[in-house]
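Please read the structure below before turning to the comments.
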Amino acid sequence: MQKYPKRVLLELTLSCAAYCRFCTRRRKVDDLVQGRLTREDVDEVTKYIKEHKDINEIIFSGGDPLMSPEMLEYGIEKLSGLENVKIIRVHTRVPVVDPGAIDERILDIFRKIKKQAFYLSLHFEHPDEITEEVEEVIGKFRKLGAILLSQSVFLRGVNDSVDVLEKLFNRLTELGVRPYYIYRCDPVKGAMHFMVPFKKEVEIMTKLRKVLSGIAYPTYVIDAPGGYGKVPVPLGFWQNGKGGFRDYRDGEIKIIGP
Ligand code: SF4
């Protein structure tokens, strides 16, 4: 799938290790008939990317790309050989829900990325998911030289609290995982009860911005309906239309200059 001019997202397989109830792709996840790319599909994608020199970034997603190691390996082999590909990103929740699955075979697949910057984006919802095994796996990824990111989803009754998210983002940062995005939960049929009131999310993220270091603070976004991208949510610091903002002590500051 190519939504942006410079990057291509490959849904390698629609199998997943987690089957999150709030999954926005739940209608697609585990469509085993249409859900798995073949070598021929990857060959076609490789040809397309080779012909479109502007593309510099490949994102392996799913489902979960680690549920199909043989296709991930094939995809990495083919695409890491292209001159224009400078960034390879893999999005996965397997290391969090099944850290034991990260064996030497998986690590060897990642070791094939030699020329590109390698970003690995892990999906965490709660600090309790950071177990000893998960920490061990994170250590292995760091030894590979992967740049580690995290993504999370706001979930009512799970992580809709300053304390929980502060703990999660701080611990991830200590482990070398940079919190990257936190999403507003999509309005998924059958999982609406996970949605946190929007005002509460803004309040939590505004409070977190005051207590977390900049490197521990993810961008809070809404995934726009229809696949139109992630839109950052303005925090409570901004007085929209009034030409000013509030500082961390709630002092009002006017914008100076044009
Ligand atoms: S890990 Fe991601 S793709 Fe898989 S079920 Fe959960 S939200 Fe959906």
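Remember, it's a predicted structure, so these values are computed and weren't measured experimentally. Whatever order the structure lists ligands and atoms in, that order sets their numbers, starting from 1. For the single chain, residues carry numbers from 1 onward in sequence order.
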Using only atom types and a distance under 3.5 Å, with no angle test, would you say the side chain of Arg93 pairs donor to acceptor with the backbone of Cys20?
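No, the answer is negative, given that no donor and acceptor are paired below the 3.5 Å cut-off.
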Indicate yes or no for a side-chain donor-acceptor contact from Arg178 to the backbone of Ile215 under 3.5 Å, with no hydrogens or angles considered.
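Yes; at least one donor-acceptor contact below 3.5 Å.
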Taking only heavy atoms of [X] into account, list the atoms of ligand 1 that are under 4.0 Å away from them.
| X | answer |
| --- | --- |
| Tyr19 | 5 (S) |
| Cys16 | 1 (S), 3 (S), 4 (Fe), 5 (S) |
| Arg93 | 1 (S) |
| Cys23 | 3 (S), 5 (S), 7 (S), 8 (Fe) |

Give a yes/no answer: is there an N/O/S atom of Cys20 under 2.8 Å from atom 6 (Fe) of ligand 1?
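Yes, within the cut-off.
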Validation row, ring centre Phe237 to ring centre Tyr248 under 6.0 Å
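Aromatic pair counts; centres sit under 6.0 Å.
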Examine Tyr220 together with Phe154 and report whether their ring centres are nearer than 6.0 Å.
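Yes; Phe154 has its ring centre under 6.0 Å from that of Tyr220.
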Which is closest to atom 2 (Fe) of ligand 1 by heavy-atom distance: Arg21, His123, Gln151?
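It is His123 that holds the nearest heavy atom.
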Could you list all the salt bridge (charged side-chain N to carboxylate O under 4.0 Å, His left out) pairs where at least one residue sits in residues 159-172, not counting sequence neighbours?
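Of all non-adjacent pairs touching residues 159-172, those that pass salt bridge (charged side-chain N to carboxylate O under 4.0 Å, His left out) are Glu135-Arg171, Asp160-Lys200, Arg171-Glu174.
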